[in-house]
There are 2 protein chains.
Amino acid sequence: MASQELYGELASQLRAIPAVARELSRSCPPNCPPASLGVLAVVSRHGELRMSRLAELLDIDMSVTSRHVAHLAERGWIDRLPDPHDRRSRLLRLTPGGMDMLRAALDGVTASLADHLRDWSDQDVLELCRLLERLRTAFTADCRPRTQTITM
Amino acid sequence: MASQELYGELASQLRAIPAVARELSRSCPPNCPPASLGVLAVVSRHGELRMSRLAELLDIDMSVTSRHVAHLAERGWIDRLPDPHDRRSRLLRLTPGGMDMLRAALDGVTASLADHLRDWSDQDVLELCRLLERLRTAFTADCRPRTQTITM
DNA sequence: TATTGTTATACTCTATAACTATA
DNA sequence: TATAGTTATAGAGTATAACAATA
């Protein structure tokens, strides 16, 4: 186990990430909010999937996921197809327009990252990706009984 | 410059951080929201400082900072002292109660991190801290039209 | 005139709970 | 009864703009 000071530093750095994400989101197309982009990216990567599975992958409540998807469906970027195995469920799929939007948004994000991280090596970027992936896994796959100790 | 695929992966991992932060914030005392904790931590680390400097360090707008500080001042965790050099300005300082609150909150956060990251080495945590610090710097110190950091 | 900090307003993202329609 | 998804409502966090006091 690391020292309290080190954990405090980590917590502090994590707190600062949203500001980075906000700056990054300035390069998103104006009609596609960052949260919607996240949905498009996950659906693109995983292919056809259900609402509940999408919510799980995004790690947000299904009610929120539902609203994001409705927003995307209104704009014709995502289709909600009936699930032949369960009529309560809907299968999500990117439309060609959705793929175009995702590609355009990713171009913007990539350009911004390439600009800001211009003196980072591929190795640096990769290492950060790996650590963030490990962090995410540690907090989601891990002890999921939900009711953590509220220490104070 | 890294590949578009690698940057896309990084963007995706960054998107997932708020979920980690939310889980982490469950270990905060219920009357101290995470954003307030961030303010306490910065003031504690930097000592007496002005609103504008605090906003800069938090990388959020001063109007938002003002509200957080007002919230903390109402609870007696922070003092807003008159600045002898500029009567428009106010100097912020943690009260003993604020220090207690910060310590208690950090204990909770530390416990949660120690639990979730129980199989991480100190080296892993340190490496993640360093990369996040570099990332933050790249997005704030970097190409910034107006952040001239007048330290005082 | 410019700057420091506050307040009013609005926007984004999220969670909880109540609801529907199937299973 | 239980589950998939939707909608209503509320809360946390942020930004922009208008403002008061001071420089």
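Every chain is numbered from 1 and lettered A, B, ... according to where its sequence line falls, protein lines coming before strand lines.
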Step-by-step side-chain contact (heavy atoms from CB on, under 4.5 Å) determination, A:I17 to B:L135:
CA-CA 9 Å; A:I17 294 300; B:L135 181 70; 4.0 Å; yes

Whole-Å gap separating [atom2] ([N]) and [atom1] ([X]):
X	N	atom1	atom2	result
A:R67	D:dT9	CZ	C1'	10 Å
B:L58	D:dG13	CG	P	12 Å
B:H71	D:dG11	NE2	C1'	12 Å
B:M62	C:dT3	CE	C1'	8 Å
A:R26	D:dT14	CZ	P	14 Å
B:L81	C:dT4	CG	P	19 Å
B:E23	C:dT14	CD	C1'	15 Å
B:I78	C:dG5	CD1	C1'	15 Å

Charged N-O contact under 4.0 Å between [X] and [Y]:
X	Y	answer
B:R50	B:D86	yes
A:R134	B:D124	yes
A:E133	A:R130	no

Whether [X] side chain and [Y] backbone form a donor-acceptor pair below 3.5 Å:
X	Y	result
B:S27	B:V109	no
A:R118	A:D115	yes
A:D79	A:L81	no

### Within residues 29-55 of chain A: residues closer than 4.0 Å to DNA chain C (heavy atoms)
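Per residue number, the list reads A:P33, A:P34, A:A35.
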
- Message: List the residues meeting side-chain hydrogen bond (donor to acceptor under 3.5 Å, both in side chains) with B:R22, not counting sequence neighbours, and say none if there are none.
- Response: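 With sequence neighbours excluded, B:R22 shows a side-chain hydrogen bond (donor to acceptor under 3.5 Å, both in side chains) to no residue whatsoever.
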
Is it possible for you to say whether A:L91 and A:W77 belong to one hydrophobic cluster, with membership spreading through side-chain heavy-atom contacts below 4.5 Å?
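No; A:W77 is not reachable from A:L91 via cluster members.
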
Answer with base, sugar-phosphate or nothing: what part of the nucleic acid does [X] contact at a heavy-atom distance below 4.0 Å?
X	value
A:S63	base
B:R22	sugar-phosphate
B:R90	sugar-phosphate

Please check the phosphate of [N] (OP1 and OP2 only) for any side-chain N or O of [X] closer than 4.0 Å.
X	N	answer
B:R80	C:dG5	no
A:S89	D:dA4	no
A:H68	C:dT14	yes

Item checked: Whichever of B:P18 and B:D61 has its nearest DNA chain C nucleotide further upstream toward 5' ->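 It is B:D61 whose nearest nucleotide is closer to the 5' end.
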
Flag for B:Q123-B:E127: side-chain donor and acceptor within less than 3.5 Å =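 On atom types as modelled, these side chains do not qualify, holding no pair under 3.5 Å.
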
Upstream residue (5' side of DNA chain D) when A:V64 and A:R15 are each assigned their closest nucleotide
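That would be A:V64.
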
In B/S/- notation (B base, S sugar-phosphate only, - none; protein heavy atoms under 4.0 Å), nucleotides 18-23 of chain C written 5' to 3' is ---BBS

